[in-house]
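Here is the structure we will look at.
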Amino acid sequence: MSENAQVIKNAVCTFCGCVCDDIELTVDPGGKKITKAGNACVLGKSWFLEHKVEDYPVAMIDGKEASLEDAIEEAAQVFVNAKFPAIYGLSDTTCEAQKQAVAIADYLNGNIDTTTSVCHGPTGMAFQGVGESTASLGEIKNRADFVMYWGGNPAEAHPRHFERYAVNAKGWNTPNGKDDRTVALVDIRPTQSSLIADIFLQIKPGSDFELLWAMRALVKGKALDSSVEERTGVSMEILEDLVERMKNCQFGVLFFGMGLTMTRGRHFNAGALLQLATDLNEFTHFVALPTRGHGNVTGADNVVSWQTGYPFAVNFNRGYPRFNPGEFTTSDILGRGEADALCVIASDPGSNFSRKAIEHIKSIPVITLDPKPTVTSQSARVAFTTATYGVNVPGTVYRMDNVALELRPAFESPFPSDEEVLTAIKERICELKGIKKNKKAAATA
Ligand code: SF4
């Protein structure tokens with residue numbers, strides 16, 4: 001380490017929903033570059049080590065460099081002149097910024113939605129319909145002796161999930177790590193993750209719901225015929241053995257990913273899995289947790305839920321929040337050509353939404369906040385360059401198990417944070433709309 005290098009211990013990686021908070025960052029003596037990211041996995045290392053402060057303009061209006069003040073004014077004007085403004089993204093920013101975004105949607109009687117709507121939205125719907133039996137990842141590390149992954153590949157998407165929380169992790173009741181656990185994995189094909197599983201069920205595509213329902217029946221002692229194997233590809237012998245192991249463990253956990261939530265059945269699949277966890281609690285302790293992708297997508301669910309009562313796809317057109325995935329999810333609003341202004345925070349719908357939605361994005365004024373140029377920002381009316389959360393910006397994020405963590409940034413950025421930009425836009429919107437201070441305080445409390 002060079003003489004004046006700064007070391008930040010217990011820094012937080014926000015690259016994925018594991019939000020590892022044991023990272024040791026070494027910052028270059030110039031204070032502009034991270035040279036080491038101890039404890040980080042390959043994804044976390046590239047997140048930290050490839051982070052550079054680029055020489056981008058702080059803001060652009062219609063593709064031309066602009067001052068921050070002019071860009072804030074233009075963004076506020078776009079918002080107040082819109083009849084149906086929509087705000088989207090938010091899973092890669094702090095809870096403090098998310099809170100400001102909800103307040104803007106509220107003042108404008110607009111729409112707010114997060115990237116949850118394209119990943120674990122069905123899980124949010126299932127939670128509201130079925131409820132959840134849950135635990136922190138710390139509790140799972142210390143107690144779980146049966147771990148099942150359904151429809152996910154953590155070895156590649158969440159590389160430290162096994163080591164820190166659920167498979168190799170050594171806890172109070174699991175001092176030998178993996179030797180004290182049974183690990184099962186359900187997927188439609190073998191993956192890097194299935195290599196570590198003691199039991200791997202390769203199921204037929206689109207048969208998750210049927211398999212979960214069959215398992216629920218077996219947990220309740222019902223007899224099943226061979227049609228289960230024909231439909232799911234899993235023999236009754238294997239299924240009965242698996243269910244027996246689940247009923248007889250001390251503490252079981254079902255982790256589930258987008259292979260369950262974004263395939264045929266969607267919220268019915270997630271609901272079936274949550275109900276299976278509930279059924280198993282008749283026999284032992286069982287919990288279920290979604291494995292979340294983006295670093296603070298769980299924070300987005302929490303912040304939008306605190307402020308509106310719903311986790312995503314929330315609409316204020318009538319002056320109060322309404323929740324209706326399919327109607328108020330951003331991809332659907334844009335696909336139907338409804339929104340007449342769009343604000344995107346730390347996301348890039350211009351590169352991954354449907355063709356119809358992207359065509360509509362190109363036809364309306366768009367405001368973007370992102371640390372780097374994106375496809376969406378290239379054609380935005382107003383594009384802000386913002387500092388990167390976790391690397392340059394402090395604040396709060398939520399791990400995938402709903403545990404809140406405080407960020408420990410490595411060095412300062414010349415760019416403002418998402419929270420600062422959104423707060424300034426919100427203040428200007430209030431001035432333009434004549435919203436008084438006491439109403440402002442109530443909406444942002
Ligand atoms: S597992 Fe995720 S949060 Fe942890 S270091 Fe790797 S990328 Fe970062």
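The analysis underlying the following values was restricted to heavy atoms, covering all of them including side chains, and did not include hydrogens, waters or symmetry mates. Given the structure is predicted, the values throughout are model-derived calculations rather than measurements. All ligand and atom numbering here is 1-based and tracks the order in the structure.
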Point to revise | Pairs touching residues 184-196 that satisfy side chain to side chain donor-acceptor pair (under 3.5 Å), sequence neighbours left out | key: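 Residue pairs passing side chain to side chain donor-acceptor pair (under 3.5 Å), neighbours aside: N153-S193.
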
**Study point:** Ring centers of F316, F328 separated by less than 6.0 Å
**Key:** no

Check your understanding: Are F312 and Y88 near enough that their ring centres are under 6.0 Å apart?
Key -> no

Review point. For F411, does the CZ atom have more than 12 heavy-atom neighbours from other residues, nucleotides or ligands under 6.0 Å away?
Key: yes

Exercise for review: Drop me the distance from H294's NE2 to M400's CE, to the nearest 0.5 angstrom.
Suggested key: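 Output value for this atom pair is 12.5 Å.
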
Check your understanding: Would you call the rings of H161 and Y165 parallel, tilted or perpendicular if under 30° counts as parallel and over 60° as perpendicular?
Key -> perpendicular

Check your understanding: If you draw a sphere of radius 2.8 Å around atom 4 (Fe) of ligand 1, how many protein N/O/S atoms end up strictly inside it?
Key ->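 Of the protein's nitrogen, oxygen and sulfur atoms, 1 lie under 2.8 Å from atom 4 (Fe) of ligand 1.
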
